[in-house]
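Working notes, structure below.
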Amino acid sequence: MFTDLAAAADSPLLHNLNPEQRAAVTLPAGNALILAGAGSGKTRVLTTRIAWLLQTGQVSPGGILAVTFTNKAAKEMMTRLGAMLPVNVRGMWIGTFHGLCNRFLRAHWKLANLPSTFQILDTQDQLSAIKRLMKQFNVDDERFPAKQTQWFIAGAKEDGLRPRDVEARSDDDRKKVELYQLYEEQCQREGVVDFGELMLRSYELLRDNDPVREHYQRRFRHILIDEFQDTNRLQYAWIKMLSGTTAEGRFTPNDNSVIAVGDDDQSIYAFRGARVGNMADFVREFDVSHQIKLEQNYRSYSNILDSANALISHNTKRLGKNLRTDQGPGEPVRVYEATSDFAEAQWMVEEMRQLVRDGIDRKEMAVLYRSNAQSRVIETALFNAAVPYRVYGGLRFFERAEIKHALAYLRLLENKDDDTSFLRIVNFPPRGIGARSIEQLQDAARAAGRSMHDAVSAVGGKAGSNLTAFVAKIDVLREQTQGLSLREIIELVLDHSGLIEHYKADREGADRIENLEELVNAAESFVTQEGFGRDAVALPVDELRQAPASQGLDPNRPVLDEPLAPDAETGETLSPLAAFLTHAALESGDNQAQAGQDAVQLMTVHAAKGLEFDCVFITGMEEGLFPHENSMSDNASLEEERRLMYVAITRARQRLYMSHSQTRMLHGQTRYNLKSRFFDELPEGALKWLTPKNQGFTPSAFGYGGGYATTRGGAGGFSKDSFASPPVPPQKAAPSHGLRSGMQVFHNKFGEGTVTALEGSGDDARAQVNFPRHGVKWLALSVAKLTPV
DNA sequence: CTTTTGCTCCTTTTT
DNA sequence: GGAGCAAAAG
């Protein structure tokens, strides 16, 4: 360890860093903002910073708090750090916001007013809990869709608001606040917390408990936050609590150092509460003394980078940043116009085959799209061409129905009051407990103010005996699993729950059984990785010894230095089962990890953030899709779409393709789309149009009969019949209004547009029209005056 | 009580 | 086009 910083300037850690990176790594104490562009070595800077702080003795491992958004990012940080320094990374507070809050609440569950066995609700569980609640209170789900209520509650929590804090402006709002209140009571009764609650509870405990707050403020000397542009109000407030809020609730930056790393141009999560404004607030409220911009890009050639820079310069609200590269221009960005989504996929497959022939690995090719629904056509094309591919997104391992069923049994063993889990499995596998019995039980439970588990005895008759048998089974299982290893517990539960048997009887149950077996493996590797049975190593944290025991901060107990450290007094430790259930809730697991195989990667642009590939295809670049039609009306969301496109472009190292299609099947209907406005925002010099530059769908395009040119001869292997002839718009019998799909029409307000669909007849007749500047509209023909052009 | 059929709604997503 | 869910048939 270095004793003085002068000697440390030669540290091997700092080798191969550019001046900006080096400045960021060696920042003096104080609050700082690092604007890190795409591909500028952000993660490297963050981890090196931590390693540097430790190596120069400026802080001990226990004094570091590093927060990320995804488990993947946290894991990567720990791996890299472990490679740089011989340090016990697991003892450090590196993790996701939610993971760290969970750790915090597990340690202070009593102060947080939670049962020690509290369970975590994921989004699915939360929705079903809300549905159950709304049914119980006879809320009209037409007027208040459960999804909307869920959105309302999650949104309130992201803003740090409890029901009493929410300002209700309408009767509907008041009803939602009431539901929020009832939902909270239900969660508290059942001993469960949702994701937002993990954050909010932690925040409130820090806010309301002076010794706890002061303890952690003293402890965390260096706080580092990754992807700062994605933080929401509550997360920002949480950071302020940890770094200098006083008992009076005033915030003054103290001598902790907070380093926020982010890129306002890559803020793509405003729709779920992220607040880019936190960056500006941070600079102001934390008296930021240093701002560093990392603009040197090590990823892409300049044609790609120029495109990204040009595009994003159309956004008005920016902190200002321009990526540069030392690499040459590289390949031009290739643009392709297809006649249909099917043809677009065909073209892509051919292009990929050529790339493979050129020696590029399939796993270095990514297909990006705006929404998941777009993947199907592409999958079909890849499948038919026998090109291996892997789709990200969709159901993750711990979200699969059979896994959730198994977990529900396990959760009930831990926490019998978890009614969400109870309901999920009370009649699964079917055991003769129908809707009526369940309703009876729910009524009884509500009347007695108990959980469903505890209210079973109040239900008589045949229904009652089935229920009693079920509860008895759970209770027996709980007894039987005492003292067993995690693996044995799960095997026992799978066996005695009847799940395996049930799926064996099902013709299509083989996959599900396989997944259940995989659950046993997941548990097994969890146990090994988390180091159960290994002695927890407590790190010296001197501050801790001054904390008063009365506040639950036992001076002799190394609070939270190890996630699973046993309680010093009772020797009590989080059971492996409890830890595994937490793990399952917080890390929904990889999708289907067919890792290792050389396969083309398919994912949404959102999912691609943080990744990079040699070749990237951005597909479906059409008005209404990208930018998405729901985001075209107001400028703020349009700018977010543009940032999304910026993220997509900057994923590519060497080759970038963009494609759009004249027609596309969407919701079982053919749509005619114009090419994306984003094309107009790219530098013409960096582009190469593989097809004649065009408008996207126009009626005249139908007259264009020639096969489209492709870049190389080699790519022409597709059958001409499959798509070379332009699609013919559906010729429905012309109704009285005389409009047809594909027609150019004029509207007084919206100007010229293209009819893309027709529906109904007579007075109900409606037309879908795509207006270049106003987007896609449905117009009632009895009202709207449309004149053919 | 369970299975089947018909009807509705469709962003983006991590925790 | 297809998942998810509620009413109707078995």
Check: Is the NZ or CZ atom of A:R132 both under 6.0 Å from the centre of the six-membered ring of A:F137 and within 45° of that ring's axis?
Finding: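 That pair does not qualify as a cation-pi contact.
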Notebook entry, point to check: Cation over ring, A:R390 on A:Y392, under 6.0 Å and within 45°?
Noted result: yes
Please classify the nucleic acid contact of [X] as base, sugar-phosphate, or nothing, using heavy-atom distances under 4.0 Å.
| X | value |
| --- | --- |
| A:N71 | sugar-phosphate |
| A:L644 | nothing |
| A:F271 | base |
| A:R370 | base |
| A:T582 | nothing |
| A:Y269 | sugar-phosphate |
| A:N372 | sugar-phosphate |
| A:N427 | sugar-phosphate |
| A:K609 | nothing |

Does the side chain of [X] get closer than 4.0 angstrom to OP1 or OP2 of [N] through an N or O atom?
| X | N | answer |
| --- | --- | --- |
| A:S437 | B:dC1 | yes |
| A:T123 | B:dT15 | no |
| A:R272 | B:dT11 | no |

Item checked: From A:T650 atom OG1 to A:D265 atom CG, the distance as rounded to the nearest 0.5 Å ->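 CG of A:D265 is found 9.5 Å from OG1 of A:T650.
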Next item on the list: Give DNA chain B the dot-bracket treatment, 5' to 3': Watson-Crick (N1-N3 with N6-O4 or O6-N4) or G-U (N1-O2, O6-N3) under 3.5 Å, [ ] crossing, | other strand.
Entry: ||||||||||.....
Note to self: Quick check: A:F470 with A:F422 (ring centres under 6.0 Å apart)?
What the structure shows: yes
Check: What nucleotide, of B:dT15, B:dT11, B:dT13, holds the atom closest to the side chain of A:L586?
Finding: B:dT15
Notebook entry, point to check: Ring stacking, A:H98 with base of B:dT14, under 5.5 Å and under 30°?
Noted result: no
Notebook entry, point to check: Does A:H628 stack onto the base of B:dT11, taking stacking as ring centres under 5.5 Å apart and planes under 30° apart?
Noted result: yes
Answer yes or no: is there an ion pair linking [X] with [Y], defined by an N-O contact shorter than 4.0 Å?
| X | Y | answer |
| --- | --- | --- |
| A:E158 | A:R272 | no |
| A:K317 | A:E640 | no |
| A:K404 | A:D125 | yes |
| A:R162 | A:E197 | yes |

Note to self: Checking understanding here: a glycosidic angle within 90° of 0 is syn, the rest anti, so what is B:dT8?
What the structure shows: anti
Next item on the list: Name the first nucleotide and the last nucleotide along DNA chain C (5' to 3') that come under 4.0 Å of a heavy atom in chain A.
Entry: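 In short, chain A contacts DNA chain C from C:dG1 to C:dC5.
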